[in-house]
Amino acid sequence: MPPIDKNFEDGESTLRLETRLLHEGRNPDEQHGFINPPIVRGSTVLYPTLEAIQKRERYTGFRDKGASYAYGLRGSPTMDALDEVLTNLDGGQGTVLLPSGLAAVTLSLMTAVSSGDHLLMTDSVYQPTRIFCEGTLKRMGVETTYHDPRIGAGISELLRPNTKAVFTESPGSQTFEIQNIDAIAEVAKNHGACVIMDNTWATPLFFRPLDHGVDLALYAGTKYFGGHSDVLSGSITANKEWWMRLRDTHDEIGMALAPDDIFLTLRGIRTMTVRVMEHERQAIELATWLETRPEVSRVLHPALPSHPDHDLFNEQFTGSTGLFSIVLKPMEKQAFSTFMNTLKLFGMGYSWGGFESLAVPFDCRTYRTATTFDAEGPCVRFHAGLEHMDDLKEDIAHAFHQAAKA
Ligand SMILES: *Cc1c(COP(=O)(O)O)cnc(C)c1O
């Protein structure tokens with residue numbers, strides 16, 4: 001596992017990303033010497049004089065720190081702390097915080113498109129994103145066309161005069177296709193369309209979207225930022241061009257991440273580097289072992305040489321995390337049910353990125369429209385947690401054994 005040793009020169013700092021993740025967004029000198037910032041709860045902000053309340057200027061984020069908080073929804077020292085960490089991690093201009101990853105998805109789209117616009121969306125997107133496009137966005141007069149995640153520069157053929165946004169997610173949800181973000185962003189930018197990326201899987205430690213031409217990078221902080229399955233949170237970081245529009249949309253919508261949830265996200269993110277590096281190691285070992293199992297037809301993990309997009313993955317990403325999928329060989333329904341129900345250490349549940357291992361079945365044939373995913377057998381998405389690897393392998397081997405007897 002190579003160290004994340006790139007030097008980023010965002011703002012004034014030339015410190016490495018791992019170091020900045022620990023030292024930004026807090027100032028012990030202002031916190032009576034305590035390491036972490038306090039949780040500031042509050043709605044009203046009091047102004048000292050009539051003159052102050054009449055000429056109050058608009059608060060523009062952590063760079064104004066301490067200058068002029070105006071209202072609980074619009075900024076606080078607690079929000080500033082996480083804003084600063086996330087903005088600098090991605091080398092952006094500013095960050096908005098939201099109460100879930102899905103809220104970050106929907107707000108990024110509301111920032112970029114208007115009634116009468118056309119949106120290009122990867123076919124491998126997180127399914128609730130698709131549901132928002134087919135529901136609310138459609139009702140608001142926005143038309144969505146889905147594209148093959150592997151389309152690359154070929155996306156130019158799908159552009160229309162009113163195409164105002166291209167939404168990407170790489171690797172693809174469940175099936176792990178890698179998108180050529182540089183190629184897609186170049187085409188979209190020449191057309192004047194906003195490029196959005198859901199970068200929840202890689203985190204800014206392994207992929208920095210804004211460096212690849214993306215305008216709005218969004219995250220389910222619920223996953224690796226929080227890292228302990230105890231908080232829902234979301235964020236969007238914008239480049240200079242899109243920051244004001246993002247901030248205005250966020251202000252108008254009035255969604256905020258609660259102070260305690262900001263604290264949990266901030267608490268989690270301080271240890272994200274060691275956690276994701278361990279999830280990466282665990283997932284690669286588990287995936288490599290699964291490839292040797294006779295019950296497994298294919299493993300879908302972009303860091304393995306067997307993955308069809310492995311070279312593109314190596315070009316674009318500096319690492320991988322804990323989530324990957326497998327396609328099993330054809331198996332009787334009863335045997336598959338026994339396999340899943342016998343697993344003890346792999347919980348059956350959706351929201352990944354915590355310390356624990358998970359396994360969920362999926363069948364994306366039911367909703368993809370631009371591409372078909374031919375699965376020769378049942379599909380399972382795994383999250384490799386931090387348990388001892390031998391215990392994880394033994395759990396799966398035991399479940400396969402029981403399934404064979406079913
Ligand atoms: C989980 C997830 C989301 C949504 O996050 P929530 O906080 O659960 O709403 C969005 N995108 C991706 C890729 C995710 O994995």
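Quick note: numbers below take in every heavy atom, side chains included, and nothing from hydrogens, waters or symmetry partners. These numbers were taken from a predicted model, which means no experiment stands behind them. When a ligand or atom number is given, it counts from 1 through the structure's own listing order.
- For Ser297, the side chain to side chain donor-acceptor pair (under 3.5 Å) partners are Glu376, not counting sequence neighbours.
- Closest to atom 11 (N) of ligand 1 by heavy atom, among Thr129, Thr106, Asp198, Val105, is Asp198.
- A donor atom on one side chain and an acceptor atom on the other are not found under 3.5 Å apart for Thr122 and Thr168.
- In terms of polar-atom proximity, defined here as any N/O pair under 3.5 Å, Ser351 makes no such contact with ligand 1.
- Remark: ligand 1 and Leu102 share an N or O pair separated by less than 3.5 Å (distance only, no angle test).
- Contact between Trp201 and ligand 1 is absent, with no heavy atom of the residue lying under 4.0 Å from the ligand.
- Under 3.5 Å, the side chains of Thr163 and His118 contain a donor-acceptor pair of N or O atoms.
- Judged by a 6.0 Å distance limit and a 45° cone about the ring axis, Lys393 is not positioned over the six-membered ring of Phe382.
- For a threshold of 3.5 Å applied to N or O pairs, the pair formed by Ala220 and ligand 1 contains no separation below that value.
- Ring to ring, His383 and Phe346 are not that close: their centroids are 6.0 angstrom or more apart.
- Within the listing of ligand 1, atoms 15 (O) sit less than 4.0 angstrom from a heavy atom of Trp352.
- Given atom 4 (C) of ligand 1, the protein heavy atom at minimum distance is Tyr126 OH, 3.3 Å.
- Residues that satisfy the ring-ring contact (aromatic ring centres under 6.0 Å, His included) test with Phe373, not counting sequence neighbours, are absent from this structure.
- Considering Pro99, Gly101, Ala103 only, the shortest heavy-atom separation from atom 6 (P) of ligand 1 involves Gly101.
- Here's the thing with Glu169: none of its N/O atoms is less than 3.5 angstrom from an N/O atom of ligand 1.
- The contact set between ligand 1 and Thr222, taken as ligand atoms under 4.0 Å from a residue heavy atom, comprises 6 (P), 7 (O).
- Closest to atom 1 (C) of ligand 1 among all protein heavy atoms lies Lys223 NZ, 1.4 Å.
- Checked by atom type, the side-chain pair Asp251/Tyr71 shows no donor-acceptor distance below 3.5 Å.
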